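This is the structure I have questions about; it appears just below.
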Amino acid sequence: RQRQMCIRDSLNARPEEESKVALLLGYGFFMGIFLATFQLSAETLLITRLGEAFISRGIFAAGVMGVISTAIYAYLQHRLPYGLFSIINHGFIFLITTSFYVMFRVLPEQQMPILVFAQFAMLGPTVAIYLLGFWGIFGRLFDLRQSKRIIGGIDTGQLTAAILTFFTIGVTIYNLPQTYDLLIISSLAVIGTTVFLIIILAKFQVGKVSQEYEEQESVPFKDMISNRYVILLATFISLSIFAYLLIENSYLTVLSEQYPASEEASLTTFLGWFNGSILVLSFIFQTFFNDRIIAQYGLRVSLTILPVILGVLTLVVIVIGSSFGYTVDSPQFFLFFLFVAISKLFVTFLRDALENPAFKLYFMTLQNRIRFDIQTKVEGFVVEFAKTITGGVLLLLGVLTFFQLIHYSIIVLFVIAAWIYITGKLYNEYRNRIRIKLESQDISMEEMDVVQEAVVNVVKSNLLNPRPATAIFSFKLFEKIKPN
């Protein structure tokens, strides 16, 4: 019982929320196992069975399938009862996963390239549907105030399971006859999440979003395009995706050169340890540094950290590639491979641990009745559309005979420059919208909570200011804001 209380307290949950949190942690645990095993098998098979030539095609196909799947998801979720809709989603994922495994087992070797490519193309859609489903359940189990308190740790189950799965596979992969046997674990994990889903649906009313949310409106895309702030949000996330996928393309390419088809198990081992390390760093950063950076340095700095670090690493990659070579025949290829991998590590864990949480706060200035619709479309359809466009660009660049691997890093620098510029424009617009709302007094209680929390965090960060006058003033102001 004491252990349950410790877990509950670590998640900022209250006694009456204990069963909801426990069920979501269990759901997330099996979801983490699925995401880890499906990703490992898809990436390993694409690199070893198809090679460098199909990487950009796979990214493009995953983007196209992501656009289609998120569009269908958005269409059906308002037209079917939520419980039925959730069960159908899990059934679809289970069918896809088991079908791939059966086809890998029974179809002749000549069909393997098609299956490998198809599985990689379905990696994005399955992950998107799973995550949309998880956060959809979360939004229906907890009201707005509960969500703010619990959201930071509710995905602990998923993160823990994914870390354990990645590291376990990194150690035990040699005991599996085939890499696609990981799909057996994926299918069992889907069954696990479905069991928890059925319990949640039977025990709680999750048919609609909490009553604290205003009646939601659907915003047509033509209205979104005419909104300057929404355009900035969409442009920012698109540039972030563009840079991420350019790094991902370079990373998968050097992996295909470092690990030929004969070293499939070695590649899976590397991916297991590497992806597990990314999640560990993400967990550490999100636990100990995320809130402090946002509170002390603000949203602008929080969104600028990733492109700045990525820009520095990209310059290092360019210098190393130009000086020592960037092909597998080069004596110092491992050095080039190492810094491309480091770039992949930073862009992945900083996006998850810092950029995504900070970016979500920018949606808080939107009106309540349209906020969730716009956020779903920006983080769903716009993200997948940006992946498709990036995949198309990669395909076109791959056709150019003079275009080499190192040239992708040069393009990344231009993308980063635009990314930082848009971050500044987005932050200025965010401040203007906050100022206008405060001056017009057209601000909801929820938005007032956000403003108050931001003020408190700034004041707290100055309590230890080296300038005595600032520290004394902050302490007196903090006494007024928080007298208890």
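What you see is a predicted model; the values in this text were computed from it and never measured. For the numbers below, each heavy atom of this structure counts, side chains included, while hydrogens, waters and symmetry mates do not. Start at 1 with the first residue, then count along the sequence.
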Sidechain-backbone polar pair: Thr193 side chain, Val190 backbone, donor-acceptor under 3.5 Å:
yes
Give a yes or no on whether Phe333 atom CZ has more than 12 heavy-atom contacts from other residues, nucleotides or ligands under 6.0 Å away.
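Atom CZ in Phe333 is crowded, with more than 12 foreign heavy atoms closer than 6.0 Å.
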Ser322 side chain to Val319 main-chain N or O, any donor-acceptor pair under 3.5 Å?
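Looks like no, no N/O pair under 3.5 Å.
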So, Ser256 side chain and Ile47 main chain: donor-acceptor pair closer than 3.5 Å or not?
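A pair under 3.5 Å: no.
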For atom OH of Tyr421, decide whether the heavy atoms of other residues, nucleotides or ligands shown that lie under 6.0 angstrom number more than 12.
no
Parallel, tilted or perpendicular, judged at 30° and 60°: which one describes the rings of Phe270 and Phe337?
tilted
My understanding is that only residues two or more places apart in sequence, or in another chain, count here; which of them pass ring pair (Phe, Tyr, Trp, His ring centres under 6.0 Å) with Tyr130?
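Result, ring pair (Phe, Tyr, Trp, His ring centres under 6.0 Å) vs Tyr130: Phe34, His90.
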Among Ile185, Leu164, Leu40, the one residue meeting side chain to side chain contact (heavy atoms under 4.5 Å, CB included) with Ile169
Leu40
Test Leu271 against every option in Leu267, Thr268, Thr269 by the side chain to side chain contact (heavy atoms under 4.5 Å, CB included) rule and name the one that passes.
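Testing each of Leu267, Thr268, Thr269 against Leu271, the sole residue satisfying side chain to side chain contact (heavy atoms under 4.5 Å, CB included) is Leu267.
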Can we call the ring centroids of Trp273 and Phe166 under 6.0 Å apart?
no
Will you find, in the side chains of Thr37 and Ser186, an N or O donor that is under 3.5 Å from an N or O acceptor?
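Note: Thr37 and Ser186 side chains meet the donor-acceptor criterion.
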Identify the residue among Leu239, Ile241, Leu310 that makes a side chain to side chain contact (heavy atoms under 4.5 Å, CB included) with Val415.
Leu239
Is there a donor-acceptor contact under 3.5 Å from the side chain of Thr70 to the main chain of Val67?
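The answer is yes, because a donor-acceptor pair under 3.5 Å joins these two groups.
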Taking the six-membered ring where the residue is Trp, are the ring centres of Tyr408 and Tyr326 under 6.0 Å apart?
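Between Tyr326 and Tyr408, which both carry aromatic rings, the centre distance is not below 6.0 Å.
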Please examine the side chains of Leu366 and Tyr229, heavy atoms only from C-beta on, and report whether any two atoms are closer than 4.5 Å.
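Side-chain contact under 4.5 Å: yes.
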State the CD-NZ distance between Glu379 and Lys360, to the nearest 0.5 angstrom.
3.5 Å
Would you say Thr327 and Ser330 are linked by a side-chain donor-acceptor pair, where the criterion is simply a distance under 3.5 Å?
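Thr327 and Ser330 do have a side-chain donor-acceptor pair below 3.5 Å.
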Calculate, to the nearest 0.5 Å, the distance between atoms CD1 and OG belonging to Ile237 and Ser240 respectively.
5.0 Å
Look at the side chain of Ser282 and the backbone N and O of Ile278, then say whether any donor-acceptor pair between them is shorter than 3.5 Å.
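Absent.
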Are Phe349 and Phe346, when compared by the centres of their aromatic rings, separated by less than 6.0 Å?
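Yes, they do, as the ring centres are separated by less than 6.0 Å.
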Residue from Val308, Leu303, Val301 passing side chain to side chain contact (heavy atoms under 4.5 Å, CB included) with Ile305
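The passing option is Val301.
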Backbone N/O of Asn428 and side chain of Asn432: donor-acceptor pair under 3.5 Å
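Looks like yes, one N/O pair under 3.5 Å.
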